A.B. asks: 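So that we are looking at the same thing, I have put the structure below in structure tokens.
Just so it is clear, the structure is predicted and the values come from calculations on it, not from any experiment.
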Amino acid sequence: MPGSGTLSAPPAGAQAVHRALGLLHCFHDNGPDLSASELARRTGLSVSTAHRLARTLVATGFLDQDEHTARYRLGPAVAELGQLTFHQRGLHLAGPELDLLARRTGATADLAIRSGPHAVILVGGSVLPSTGLGLRRPLHSTALGKVLLAWPSPTEAPLRGPLPAYTPHTLTDPAALDAELARTRDRGYALNDGESAPGIRTLAVPVLDRTPTARFALAVRSTPTHLTPETLPRTLTHARTCAQALAVLLLPPDQR
């Protein structure tokens, strides 16, 4: 069955590119190196097709192959492009602002973008120092995700498919989620109160462009005993101040 490397249907004439990108998506979980048969299983391709595409990606630097095990891992071209887009987006400038927000609120501060059905944390307290990787969290069960869904890009596909429950508080009914997104837009921020993990409360605000589209989502995460109804207004003020600063810092260089 198709797995983590399965993407939506490709445009006409782009099947090979679509399949190759599917192989790269297999490495999202930062797990161990993968064999051709494991890549085939995750993408729903035949082993021969997966092997042929993987070898092409090795030749272009997007994958590496261990000469002893014949297993694959992400290659140097991916690392180089990742560093380039990190700096082109101005994300190297966001760290000090998030650190200041964390000190002011006594909570974890994170910045995320949308990647398919997930919010991907790129900068902030949830980025692991050992790997430099953040978290990939489902859109529907997180405050970051609700912000990205409430202020979507015109080119982003709507959220489809079943909405899995992670706690008893997760919104799994699409109509209920739509109503929550409408409330999020009306008040200008999103809340996650134990919807993705018990005992976690998160407030998130958009980092808007001129459209307005949420190019990024900014979150402050702690516990219900810390983010109380009394402290939330102050936390929201600090989060909005940080988002306004990031809206300028994260502009393309020629627009800053």
Side-chain angles (χ1 to χ4, degrees), residues 3-4 25 27-31 94-95 98-99 101-152 158-185 187-207 214 216-236 238-240 242-243:
S4 58
H25 276 269
F27 296 89
H28 265 145
D29 59 4
N30 194 34
L98 294 174
D99 290 343
L101 177 60
R103 291 196 299 272
R104 285 175 169 173
T105 60
T108 300
D110 289 317
L111 188 72
I113 60 171
R114 180 176 177 180
S115 177
H118 295 93
V120 179
I121 296 173
L122 299 176
V123 191
S126 295
V127 175
L128 300 175
S130 59
T131 63
L133 297 175
L135 301 174
R136 299 177 75 242
R137 307 298 298 158
L139 292 174
H140 72 283
S141 66
T142 58
L144 286 167
K146 291 175 186 175
V147 162
L148 295 168
L149 289 171
W151 287 275
L159 193 60
R160 293 190 177 91
L163 304 178
Y166 301 99
T167 76
H169 301 290
T170 306
L171 295 177
T172 58
D173 176 27
L177 178 61
D178 287 343
E180 178 65 16
L181 296 180
R183 285 191 292 271
T184 295
R185 285 187 291 270
R187 64 193 179 192
Y189 66 92
L191 279 175
N192 166 15
D193 204 354
E195 296 169 47
S196 57
I200 300 296
R201 179 172 289 166
T202 307
L203 176 148
V205 297
V207 178
F216 302 90
L218 170 68
V220 177
R221 187 182 78 254
S222 189
T223 63
T225 56
H226 184 75
L227 290 179
T228 65
E230 292 73 28
T231 64
L232 276 175
R234 176 176 173 272
T235 301
L236 178 60
H238 287 312
R240 283 174 166 162
C242 184

A.B. asks: Which heavy atom of Lys146 sits nearest a heavy atom of Ala190, and at what distance?
C.D. replies: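 So the minimum-distance heavy-atom pair works out to CB-CB, 3.8 Å.
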A.B. asks: Indicate whether any N or O donor in one side chain lies under 3.5 Å from an N or O acceptor in the other, for Ser126 and Asp110.
C.D. replies: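 Checked: Ser126/Asp110 side chains pair up, N/O donor to acceptor below 3.5 Å.
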A.B. asks: Compare all side-chain heavy atoms of Leu159 with those of Leu177 and state whether any distance is below 4.5 angstrom.
C.D. replies: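 They are in side-chain contact.
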A.B. asks: Taking C-beta and beyond as the side chain, do Leu218 and Leu101 meet within less than 4.5 Å on heavy atoms?
C.D. replies: yes
A.B. asks: Of all heavy-atom pairs between Ser196 and Ser141, which one has the smallest distance, and what is that distance?
C.D. replies: CB-O, 3.4 Å
A.B. asks: Quick one: pull up CZ in Phe216 and CG in Leu122 and give me the separation to the nearest 0.5 Å.
C.D. replies: 7.0 Å
A.B. asks: Treating Thr105 as the side-chain partner and Val220 as the backbone partner, does any N or O pair qualify as donor plus acceptor under 3.5 Å?
C.D. replies: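 Checked: no pair found.
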A.B. asks: Nearest 0.5 angstrom please: Arg103 CZ to Leu98 CG, how far?
C.D. replies: 11.0 Å
A.B. asks: Restricting to non-hydrogen atoms, name the atom on Arg185 and the atom on Trp151 that form the minimum distance, rounded to 0.1 Å.
C.D. replies: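 Looking at all heavy atoms of both residues, the shortest contact is CA-CZ2, 3.7 Å.
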A.B. asks: Please evaluate residues Leu111 and Ile121 with respect to the criterion side-chain contact (heavy atoms from CB on, under 4.5 Å), reporting the C-alpha separation (whole Å), side-chain torsions for both, the decisive distance (0.1 Å), and the verdict.
C.D. replies: CA-CA 6 Å; Leu111 188 72; Ile121 296 173; over 6 Å; no
A.B. asks: What pair of heavy atoms forms the shortest contact from Gly188 to Pro206, and how long is it?
C.D. replies: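 Taking every non-hydrogen atom into account, O-CD, 3.6 Å.
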A.B. asks: Is there a donor-acceptor contact under 3.5 Å from the side chain of Thr228 to the main chain of Thr225?
C.D. replies: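 Pair absent, no side-chain N/O of Thr228 close to backbone of Thr225.
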A.B. asks: Looking at side-chain heavy atoms only, is the closest gap between Arg137 and Leu144 below 4.5 Å?
C.D. replies: no
A.B. asks: Show me, pair by pair, the donor-acceptor contacts under 3.5 angstrom made by side chains of residues 197-205, not counting sequence neighbours?
C.D. replies:
| from | atom 1 | to | atom 2 | distance (Å) |
| --- | --- | --- | --- | --- |
| Arg201 | NE | Asp193 | OD1 | 3.1 |
| Arg201 | NE | Asp193 | OD2 | 3.4 |
| Arg201 | NH1 | Leu227 | O | 2.7 |
| Arg201 | NH2 | Asp193 | OD1 | 3.3 |
| Arg201 | NH2 | Asp193 | OD2 | 2.9 |

A.B. asks: Can you check whether Gly106's main-chain N or O pairs, donor with acceptor, with Arg104's side chain at less than 3.5 Å?
C.D. replies: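 No; judged by distance alone, with no hydrogens or angles, the pair does not exist.
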A.B. asks: Between the main-chain N or O of Ala150 and the side-chain N or O of Thr184, is there a donor-acceptor pair closer than 3.5 Å?
C.D. replies: no
A.B. asks: If you take all heavy atoms of Thr142 and Pro138, which pair is closest and at what distance?
C.D. replies: OG1-O, 2.9 Å
A.B. asks: Is there side-chain contact between His140 and Leu171, with at least one heavy-atom pair below 4.5 Å?
C.D. replies: no
A.B. asks: Rounded to the nearest 0.5 Å, what separation is found between the CD atom of Glu230 and the OG1 atom of Thr235?
C.D. replies: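 One gets 11.0 Å once the value is rounded to the nearest 0.5 Å.
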A.B. asks: Looking at Glu195, is its backbone amide N or carbonyl O close enough to the side chain of Thr170 to form a donor-acceptor pair, meaning the two atoms are under 3.5 Å apart?
C.D. replies: yes
A.B. asks: Tell me, do Thr108 and Ser222 make a side-chain contact under 4.5 Å, heavy atoms counted?
C.D. replies: no
A.B. asks: Can you name the closest pair of heavy atoms from Val147 and Ala217 and give their distance?
C.D. replies: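 Between these two residues, the closest heavy atoms are CG1-CB, 3.7 Å.
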A.B. asks: Measure the CD1-NE2 distance between Ile113 and His118 for me, rounded to the nearest 0.5 Å.
C.D. replies: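 Going from CD1 on Ile113 over to NE2 on His118, the span is 13.0 Å.
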